[in-house]
Student: 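Quick one: this structure, given as C-alpha coordinates, is what I'll be asking you about.
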Amino acid sequence: MTAMRKKVSILGAGNVGASIAQLIARDGIADIVLYDIAEGLPQGKALDLAEACPLWNSSVSVKGTNSYDDIAHSDILVVTAGFPRKPGMSRDDLLQANADVVRHVVGEASKKSRHAFIIVVTNPMDVMAQLAWKISGFDHQKVLGMGGVLDSTRFRTFVSLELGVSAVDVEALVMGGHGDQMVPMPRFTTVKGVPITKMLSPAKITSIIERTRTGGAEIVSLLKAGSAYYAPAAATYQMIRAIVFDERRILPCAAYLTGQYGVRHIYVGVPVVLGKDGIEQVIELELNEQEKKDFDKSLSAVTALLEKIAI
Ligand code: APR
(Lines give C-alpha, C1' and ligand atoms only; values in the text may rest on other atoms or scores of the structure.)
Protein backbone atom coordinates (compact mmCIF):
# COMPACT_ATOMS: atom_id res chain seq x y z
CA MET A 1 0.00 0.00 0.00
CA THR A 2 2.83 2.42 -0.63
CA ALA A 3 1.71 3.58 -4.05
CA MET A 4 0.28 7.06 -3.80
CA ARG A 5 -1.50 8.97 -6.46
CA LYS A 6 0.86 11.28 -8.32
CA LYS A 7 0.47 15.04 -8.23
CA VAL A 8 0.80 17.03 -11.43
CA SER A 9 0.90 20.82 -11.19
CA ILE A 10 0.18 22.76 -14.34
CA LEU A 11 1.61 26.26 -14.37
CA GLY A 12 -0.56 28.29 -16.73
CA ALA A 13 -4.28 27.47 -16.83
CA GLY A 14 -4.79 28.73 -20.39
CA ASN A 15 -5.81 26.72 -23.41
CA VAL A 16 -2.94 24.25 -23.37
CA GLY A 17 -2.76 23.91 -19.58
CA ALA A 18 -6.48 23.34 -19.10
CA SER A 19 -6.57 20.84 -21.97
CA ILE A 20 -3.76 18.83 -20.35
CA ALA A 21 -5.67 18.93 -17.06
CA GLN A 22 -8.76 17.58 -18.82
CA LEU A 23 -6.86 14.57 -20.17
CA ILE A 24 -5.32 13.78 -16.78
CA ALA A 25 -8.66 14.18 -15.00
CA ARG A 26 -10.61 12.12 -17.52
CA ASP A 27 -8.23 9.18 -17.19
CA GLY A 28 -7.84 9.71 -13.45
CA ILE A 29 -4.07 9.26 -13.49
CA ALA A 30 -3.02 12.00 -11.04
CA ASP A 31 -4.24 14.73 -8.73
CA ILE A 32 -4.06 18.07 -10.49
CA VAL A 33 -3.22 21.61 -9.45
CA LEU A 34 -3.93 24.33 -11.98
CA TYR A 35 -1.94 27.48 -11.24
CA ASP A 36 -2.28 30.81 -13.01
CA ILE A 37 -1.52 34.46 -12.36
CA ALA A 38 -5.05 35.42 -13.47
CA GLU A 39 -7.45 35.46 -10.54
CA GLY A 40 -10.44 33.14 -10.77
CA LEU A 41 -9.39 31.52 -14.02
CA PRO A 42 -7.66 28.45 -12.58
CA GLN A 43 -10.28 28.13 -9.82
CA GLY A 44 -13.10 28.26 -12.35
CA LYS A 45 -11.56 25.76 -14.73
CA ALA A 46 -10.59 23.42 -11.89
CA LEU A 47 -14.12 23.45 -10.48
CA ASP A 48 -15.58 22.78 -13.91
CA LEU A 49 -13.19 19.84 -14.36
CA ALA A 50 -13.87 18.52 -10.84
CA GLU A 51 -17.58 18.50 -11.67
CA ALA A 52 -16.88 16.44 -14.80
CA CYS A 53 -14.93 13.80 -12.85
CA PRO A 54 -17.98 11.88 -11.54
CA LEU A 55 -19.12 11.44 -15.15
CA TRP A 56 -15.67 10.15 -16.08
CA ASN A 57 -15.60 7.75 -13.09
CA SER A 58 -12.51 9.63 -12.04
CA SER A 59 -11.61 10.11 -8.37
CA VAL A 60 -8.71 12.53 -8.70
CA SER A 61 -8.75 15.98 -7.12
CA VAL A 62 -8.54 19.11 -9.25
CA LYS A 63 -7.57 22.34 -7.55
CA GLY A 64 -7.23 25.81 -9.04
CA THR A 65 -4.98 28.35 -7.36
CA ASN A 66 -3.04 31.62 -7.51
CA SER A 67 -0.67 30.48 -4.77
CA TYR A 68 2.59 28.59 -5.20
CA ASP A 69 1.99 27.00 -1.79
CA ASP A 70 -0.49 24.63 -3.41
CA ILE A 71 2.23 23.34 -5.72
CA ALA A 72 4.30 21.85 -2.89
CA HIS A 73 5.43 18.23 -3.34
CA SER A 74 4.40 17.87 -6.95
CA ASP A 75 5.71 14.91 -8.93
CA ILE A 76 5.51 16.73 -12.25
CA LEU A 77 5.48 20.45 -13.06
CA VAL A 78 4.13 21.30 -16.49
CA VAL A 79 5.03 24.77 -17.71
CA THR A 80 2.48 26.31 -20.09
CA ALA A 81 2.48 29.84 -18.65
CA GLY A 82 3.25 32.61 -21.09
CA PHE A 83 1.96 34.17 -24.24
CA PRO A 84 0.78 32.32 -27.34
CA ARG A 85 1.45 33.43 -30.90
CA LYS A 86 -0.68 35.83 -32.88
CA PRO A 87 -1.02 35.62 -36.69
CA GLY A 88 2.25 36.48 -38.42
CA MET A 89 4.38 35.76 -35.34
CA SER A 90 6.98 33.00 -35.15
CA ARG A 91 7.55 31.11 -31.91
CA ASP A 92 10.82 33.01 -31.60
CA ASP A 93 8.99 36.35 -31.37
CA LEU A 94 7.78 35.25 -27.94
CA LEU A 95 11.32 34.99 -26.56
CA GLN A 96 11.71 37.95 -24.19
CA ALA A 97 8.19 38.02 -22.78
CA ASN A 98 8.03 34.29 -22.16
CA ALA A 99 11.56 34.10 -20.74
CA ASP A 100 10.48 36.49 -17.99
CA VAL A 101 7.40 34.39 -17.25
CA VAL A 102 9.25 31.06 -17.25
CA ARG A 103 12.08 32.41 -15.12
CA HIS A 104 9.61 33.54 -12.47
CA VAL A 105 7.22 30.59 -12.56
CA VAL A 106 9.90 27.90 -12.57
CA GLY A 107 11.87 29.74 -9.89
CA GLU A 108 8.89 29.74 -7.53
CA ALA A 109 7.49 26.31 -8.37
CA SER A 110 10.81 24.48 -8.21
CA LYS A 111 11.44 25.85 -4.73
CA LYS A 112 8.23 24.16 -3.59
CA SER A 113 8.82 20.85 -5.37
CA ARG A 114 12.48 19.93 -5.24
CA HIS A 115 11.97 16.39 -6.55
CA ALA A 116 9.66 17.03 -9.48
CA PHE A 117 10.06 16.50 -13.18
CA ILE A 118 9.58 19.58 -15.33
CA ILE A 119 7.95 19.41 -18.75
CA VAL A 120 8.21 22.71 -20.62
CA VAL A 121 5.63 23.62 -23.25
CA THR A 122 5.96 27.42 -23.37
CA ASN A 123 7.57 28.69 -26.59
CA PRO A 124 10.19 29.10 -27.87
CA MET A 125 10.29 25.76 -26.17
CA ASP A 126 13.90 24.53 -26.51
CA VAL A 127 15.26 27.74 -25.03
CA MET A 128 12.59 27.78 -22.31
CA ALA A 129 13.54 24.19 -21.39
CA GLN A 130 17.18 25.25 -21.03
CA LEU A 131 16.08 28.17 -18.88
CA ALA A 132 13.86 25.95 -16.70
CA TRP A 133 16.72 23.51 -16.18
CA LYS A 134 19.10 26.30 -15.21
CA ILE A 135 16.68 28.10 -12.92
CA SER A 136 15.50 24.94 -11.14
CA GLY A 137 18.96 23.45 -10.68
CA PHE A 138 17.36 20.01 -11.23
CA ASP A 139 19.13 17.07 -12.88
CA HIS A 140 18.91 17.43 -16.63
CA GLN A 141 17.30 13.99 -16.95
CA LYS A 142 14.30 15.40 -15.10
CA VAL A 143 13.77 18.54 -17.18
CA LEU A 144 12.51 18.14 -20.73
CA GLY A 145 10.59 19.98 -23.40
CA MET A 146 7.48 19.12 -25.43
CA GLY A 147 7.88 19.72 -29.16
CA GLY A 148 8.89 16.63 -31.09
CA VAL A 149 5.82 14.60 -30.14
CA LEU A 150 3.58 17.40 -31.42
CA ASP A 151 5.57 17.96 -34.62
CA SER A 152 5.60 14.20 -35.23
CA THR A 153 1.85 13.79 -34.76
CA ARG A 154 1.33 16.60 -37.27
CA PHE A 155 3.67 14.84 -39.69
CA ARG A 156 1.75 11.57 -39.14
CA THR A 157 -1.54 13.31 -39.81
CA PHE A 158 -0.38 14.85 -43.09
CA VAL A 159 1.12 11.54 -44.31
CA SER A 160 -2.13 9.76 -43.48
CA LEU A 161 -4.19 12.36 -45.34
CA GLU A 162 -1.97 11.89 -48.40
CA LEU A 163 -2.04 8.07 -48.37
CA GLY A 164 -5.62 7.60 -47.18
CA VAL A 165 -4.62 5.28 -44.32
CA SER A 166 -5.06 5.61 -40.57
CA ALA A 167 -2.57 7.97 -38.96
CA VAL A 168 -2.33 5.40 -36.16
CA ASP A 169 -0.37 3.20 -38.57
CA VAL A 170 2.03 6.00 -39.47
CA GLU A 171 5.15 6.33 -37.34
CA ALA A 172 7.00 9.61 -37.76
CA LEU A 173 10.01 11.37 -36.36
CA VAL A 174 10.73 15.09 -36.19
CA MET A 175 14.01 16.17 -34.60
CA GLY A 176 15.80 19.45 -33.93
CA GLY A 177 14.39 22.60 -32.40
CA HIS A 178 10.63 23.12 -32.13
CA GLY A 179 10.74 26.03 -34.57
CA ASP A 180 10.60 26.83 -38.24
CA GLN A 181 13.87 24.92 -38.82
CA MET A 182 12.61 21.67 -37.27
CA VAL A 183 13.75 18.51 -39.04
CA PRO A 184 11.06 16.06 -40.17
CA MET A 185 12.87 12.78 -40.97
CA PRO A 186 11.31 10.92 -43.93
CA ARG A 187 13.80 8.02 -43.64
CA PHE A 188 12.51 7.34 -40.14
CA THR A 189 8.87 7.88 -41.04
CA THR A 190 7.09 4.65 -41.90
CA VAL A 191 3.70 3.19 -42.66
CA LYS A 192 3.52 -0.25 -41.05
CA GLY A 193 7.30 -0.45 -41.32
CA VAL A 194 7.63 0.83 -44.90
CA PRO A 195 9.54 4.14 -45.15
CA ILE A 196 7.49 6.88 -46.84
CA THR A 197 10.44 7.45 -49.19
CA LYS A 198 9.24 4.26 -50.91
CA MET A 199 5.59 5.35 -51.06
CA LEU A 200 5.57 9.05 -51.88
CA SER A 201 7.39 11.14 -54.50
CA PRO A 202 10.18 13.45 -53.33
CA ALA A 203 7.99 16.45 -54.28
CA LYS A 204 5.10 15.16 -52.14
CA ILE A 205 7.43 14.51 -49.22
CA THR A 206 8.87 18.02 -49.53
CA SER A 207 5.40 19.54 -49.38
CA ILE A 208 4.41 17.42 -46.35
CA ILE A 209 7.63 18.46 -44.60
CA GLU A 210 6.84 22.10 -45.31
CA ARG A 211 3.30 21.74 -43.98
CA THR A 212 4.64 20.06 -40.84
CA ARG A 213 7.13 22.88 -40.26
CA THR A 214 4.39 25.46 -40.57
CA GLY A 215 1.73 23.30 -38.87
CA GLY A 216 1.50 25.52 -35.82
CA ALA A 217 1.34 28.71 -37.91
CA GLU A 218 -1.42 27.19 -40.07
CA ILE A 219 -3.58 26.86 -36.96
CA VAL A 220 -2.64 30.31 -35.63
CA SER A 221 -3.72 31.90 -38.90
CA LEU A 222 -7.07 30.08 -38.75
CA LEU A 223 -7.77 30.78 -35.07
CA LYS A 224 -6.50 34.37 -35.26
CA ALA A 225 -6.68 34.67 -31.46
CA GLY A 226 -4.25 32.17 -29.99
CA SER A 227 -2.47 29.02 -31.03
CA ALA A 228 -3.08 25.26 -31.11
CA TYR A 229 -3.94 23.41 -27.93
CA TYR A 230 -5.67 20.06 -28.47
CA ALA A 231 -2.68 18.37 -30.12
CA PRO A 232 -0.12 20.15 -27.89
CA ALA A 233 -2.04 18.94 -24.83
CA ALA A 234 -2.32 15.37 -26.17
CA ALA A 235 1.42 15.37 -26.88
CA THR A 236 2.26 16.60 -23.39
CA TYR A 237 -0.11 14.04 -21.89
CA GLN A 238 1.70 11.23 -23.69
CA MET A 239 4.95 12.38 -22.06
CA ILE A 240 3.30 12.62 -18.62
CA ARG A 241 1.96 9.07 -18.96
CA ALA A 242 5.36 7.76 -19.99
CA ILE A 243 6.83 9.08 -16.73
CA VAL A 244 3.90 8.23 -14.41
CA PHE A 245 3.58 4.64 -15.69
CA ASP A 246 7.29 4.10 -16.38
CA GLU A 247 6.43 3.23 -19.95
CA ARG A 248 9.93 3.70 -21.40
CA ARG A 249 8.34 5.13 -24.53
CA ILE A 250 10.61 6.30 -27.32
CA LEU A 251 9.52 9.86 -27.91
CA PRO A 252 11.20 12.89 -29.46
CA CYS A 253 11.65 15.46 -26.69
CA ALA A 254 13.87 18.46 -26.08
CA ALA A 255 16.70 17.01 -23.99
CA TYR A 256 19.97 18.32 -22.62
CA LEU A 257 22.70 16.86 -24.78
CA THR A 258 26.08 15.91 -23.40
CA GLY A 259 27.86 15.06 -26.65
CA GLN A 260 25.16 13.12 -28.50
CA TYR A 261 24.76 14.28 -32.10
CA GLY A 262 27.95 16.29 -31.55
CA VAL A 263 26.06 18.71 -29.26
CA ARG A 264 27.07 19.72 -25.76
CA HIS A 265 25.14 21.51 -23.03
CA ILE A 266 22.17 22.53 -25.15
CA TYR A 267 18.51 21.50 -25.15
CA VAL A 268 17.24 20.37 -28.54
CA GLY A 269 14.80 17.76 -29.87
CA VAL A 270 16.07 14.17 -30.11
CA PRO A 271 14.49 10.74 -29.59
CA VAL A 272 14.74 9.63 -25.97
CA VAL A 273 13.59 6.76 -23.78
CA LEU A 274 11.12 8.26 -21.31
CA GLY A 275 10.29 6.46 -18.07
CA LYS A 276 10.09 6.79 -14.30
CA ASP A 277 13.49 8.47 -14.06
CA GLY A 278 12.70 10.92 -16.85
CA ILE A 279 15.08 10.85 -19.80
CA GLU A 280 16.66 7.45 -19.33
CA GLN A 281 18.55 7.45 -22.62
CA VAL A 282 19.11 9.68 -25.61
CA ILE A 283 18.86 7.58 -28.74
CA GLU A 284 21.55 8.37 -31.26
CA LEU A 285 20.41 7.62 -34.79
CA GLU A 286 22.91 7.44 -37.59
CA LEU A 287 22.13 10.51 -39.67
CA ASN A 288 23.10 10.93 -43.31
CA GLU A 289 24.84 14.05 -44.61
CA GLN A 290 21.65 15.97 -45.42
CA GLU A 291 19.97 15.07 -42.12
CA LYS A 292 23.08 16.17 -40.24
CA LYS A 293 23.12 19.45 -42.12
CA ASP A 294 19.44 20.09 -41.40
CA PHE A 295 19.85 19.17 -37.74
CA ASP A 296 22.83 21.52 -37.37
CA LYS A 297 20.89 24.32 -39.03
CA SER A 298 18.01 23.84 -36.60
CA LEU A 299 20.47 23.73 -33.72
CA SER A 300 22.00 27.04 -34.86
CA ALA A 301 18.54 28.63 -34.75
CA VAL A 302 18.16 27.47 -31.12
CA THR A 303 21.67 28.65 -30.22
CA ALA A 304 21.01 32.08 -31.74
CA LEU A 305 17.96 32.47 -29.49
CA LEU A 306 19.86 31.24 -26.45
CA GLU A 307 22.41 33.99 -27.00
CA LYS A 308 19.69 36.62 -26.87
CA ILE A 309 18.68 35.91 -23.28
CA ALA A 310 20.71 35.77 -20.13
CA ILE A 311 20.56 32.24 -18.80
N1 APR B 1 2.45 33.30 -14.10
C2 APR B 1 1.45 32.39 -14.26
N3 APR B 1 0.69 32.30 -15.35
C4 APR B 1 0.92 33.19 -16.32
C5 APR B 1 1.94 34.15 -16.24
C6 APR B 1 2.72 34.18 -15.06
N7 APR B 1 3.72 35.07 -14.89
N8 APR B 1 1.92 34.87 -17.38
C9 APR B 1 0.93 34.39 -18.14
N10 APR B 1 0.32 33.36 -17.51
C11 APR B 1 -0.82 32.57 -17.94
C12 APR B 1 -1.92 33.41 -18.56
O13 APR B 1 -2.69 34.05 -17.56
C14 APR B 1 -2.69 32.36 -19.35
O15 APR B 1 -3.79 31.84 -18.62
O16 APR B 1 -0.46 31.65 -18.94
C17 APR B 1 -1.66 31.26 -19.60
C18 APR B 1 -1.37 31.02 -21.06
O19 APR B 1 -2.52 30.54 -21.65
P20 APR B 1 -2.99 30.96 -23.13
O21 APR B 1 -2.85 32.42 -23.29
O22 APR B 1 -4.32 30.32 -23.36
O23 APR B 1 -1.87 30.28 -24.06
P24 APR B 1 -1.79 28.74 -24.52
O25 APR B 1 -2.46 28.59 -25.84
O26 APR B 1 -2.19 27.86 -23.40
O27 APR B 1 -0.22 28.61 -24.80
C28 APR B 1 0.70 28.67 -23.72
O29 APR B 1 2.20 27.15 -24.78
O30 APR B 1 2.07 26.27 -26.89
C31 APR B 1 2.68 27.23 -26.10
O32 APR B 1 3.23 29.05 -27.62
C33 APR B 1 2.36 28.63 -26.59
O34 APR B 1 3.89 29.76 -25.16
C35 APR B 1 2.53 29.43 -25.33
C36 APR B 1 2.10 28.44 -24.23
Side-chain angles (χ1 to χ4, degrees), residues 9-24 33-46 48-49 64-71 74 77-112 118-132 135 144-151 153-154 177-180 182 214-240 253-254 269 305 309:
S9 290
I10 301 169
L11 307 157
N15 283 333
V16 178
S19 303
I20 296 167
Q22 181 178 357
L23 295 170
I24 297 172
V33 173
L34 264 179
Y35 169 88
D36 204 283
I37 197 168
E39 283 176 25
L41 178 86
Q43 291 87 347
K45 290 191 182 185
D48 197 1
L49 281 168
T65 185
N66 304 117
S67 163
Y68 285 105
D69 290 340
D70 292 313
I71 283 159
S74 299
L77 304 170
V78 183
V79 183
T80 63
F83 301 94
R85 282 195 272 178
K86 297 203 176 78
M89 283 174 94
S90 84
R91 293 183 183 87
D92 301 353
D93 295 330
L94 302 167
L95 181 68
Q96 299 299 345
N98 282 354
D100 289 342
V101 172
V102 167
R103 206 177 269 122
H104 181 77
V105 164
V106 170
E108 293 301 317
S110 62
K111 272 191 262 171
K112 303 277 178 191
I118 303 180
I119 301 177
V120 179
V121 180
T122 303
N123 279 312
M125 182 280 294
D126 306 87
V127 177
M128 294 303 125
Q130 183 111 21
L131 186 58
I135 296 285
L144 60 162
M146 191 293 291
V149 178
L150 171 60
D151 300 327
T153 194
R154 287 183 172 145
H178 179 55
D180 298 341
M182 69 178 73
T214 56
E218 183 176 356
I219 291 176
V220 172
S221 70
L222 289 166
L223 294 179
K224 294 179 188 76
S227 50
Y229 49 100
Y230 293 118
T236 310
Y237 182 58
Q238 189 171 63
M239 292 166 63
I240 293 170
C253 302
L305 284 186
I309 56 164

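Atoms within each ligand, like the ligands themselves, are counted from 1 in listed order.
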Student: Test of understanding: with side-chain hydrogen bond (donor to acceptor under 3.5 Å, both in side chains), list the residues that count as partners of Asp180, not counting sequence neighbours.
Tutor: none

Student: At what distance is the nearest protein heavy atom to atom 22 (O) of ligand 1, and which residue and atom is it?
Tutor: Asn15 N, 2.9 Å

Student: Report the nearest protein non-hydrogen atom to atom 27 (O) of ligand 1: residue, atom name, distance rounded to 0.1 Å.
Tutor: Val16 CG2, 3.7 Å

Student: What atoms of ligand 1 come closer than 4.0 angstrom to any heavy atom of Asn98?
Tutor: 34 (O)

Student: Starting from atom 17 (C) of ligand 1, find the nearest protein heavy-atom neighbour and note its residue, name and distance.
Tutor: Asp36 OD2, 3.7 Å

Student: Give me the atom names and distance for the closest heavy-atom approach of Asp126 to Ala254.
Tutor: OD2-CB, 3.7 Å

Student: Among all the protein's non-hydrogen atoms, which is closest to atom 1 (N) of ligand 1, and how far away is it?
Tutor: Val105 CG2, 3.4 Å

Student: Just to verify, what does Ser9 make a side-chain hydrogen bond (donor to acceptor under 3.5 Å, both in side chains) with, not counting sequence neighbours?
Tutor: Ser74

Student: Under 3.5 Å, N or O to N or O, is Ala38 touching ligand 1 that way?
Tutor: no

Student: For atom 10 (N) of ligand 1, what is the closest protein heavy atom, and at what distance to 0.1 Å?
Tutor: Gly82 N, 3.8 Å

Student: Which residue supplies the protein heavy atom nearest to atom 35 (C) of ligand 1, what is that atom called, and how far is it?
Tutor: Phe83 O, 3.5 Å

Student: In the protein, which heavy atom is nearest to atom 2 (C) of ligand 1, and how far is it?
Tutor: Ile37 N, 3.4 Å

Student: Take atom CD of Gln96 as the centre, draw a 6.0 Å sphere, and report whether it contains more than 12 heavy atoms from other residues, nucleotides or ligands.
Tutor: yes

Student: Enumerate the atoms of ligand 1 whose separation from the nearest heavy atom of Asn123 is less than 4.0 angstrom.
Tutor: 30 (O), 31 (C), 32 (O), 33 (C), 34 (O)

Student: Would you mind listing which atoms of ligand 1 come within a distance below 4.0 Å of any non-hydrogen atom of Leu41?
Tutor: 15 (O)

Student: Which residue from Thr236, Thr80, Leu34 reaches closest to atom 36 (C) of ligand 1 through any of its heavy atoms?
Tutor: Thr80

Student: Between Asn66 and Gln43, do the side chains contain a donor N or O and an acceptor N or O under 3.5 Å apart?
Tutor: yes

Student: Can you give me the closest heavy-atom contact between Val120 and Ala132, atom names plus distance?
Tutor: CG2-CB, 3.7 Å

Student: Looking at Asp48 and Lys45, is there a salt bridge between them, counting it only when a charged N and a carboxylate O are closer than 4.0 Å?
Tutor: no

Student: Please list, in number order, the atoms of ligand 1 under 4.0 Å from a heavy atom of Tyr35.
Tutor: 2 (C)

Student: Select the closest option to atom 21 (O) of ligand 1 among Gly14, Pro84, Ala235, Ser227, judged by heavy-atom distance.
Tutor: Pro84

Student: Return the minimal non-hydrogen interatomic distance between Leu41 and Ala13, and the atom names on each side.
Tutor: CD2-O, 3.6 Å

Student: Which ligand 1 atoms are under 4.0 Å away from a heavy-atom of Val101?
Tutor: 5 (C), 6 (C), 7 (N), 8 (N)

Student: Show the numbers, then the answer: is there a side chain to side chain contact (heavy atoms under 4.5 Å, CB included) between Asn123 and Met128?
Tutor: CA-CA 7 Å; Asn123 279 312; Met128 294 303 125; over 6 Å; no

Student: Are the charged groups of Asp69 and Lys112 less than 4.0 angstrom apart, N to O?
Tutor: yes

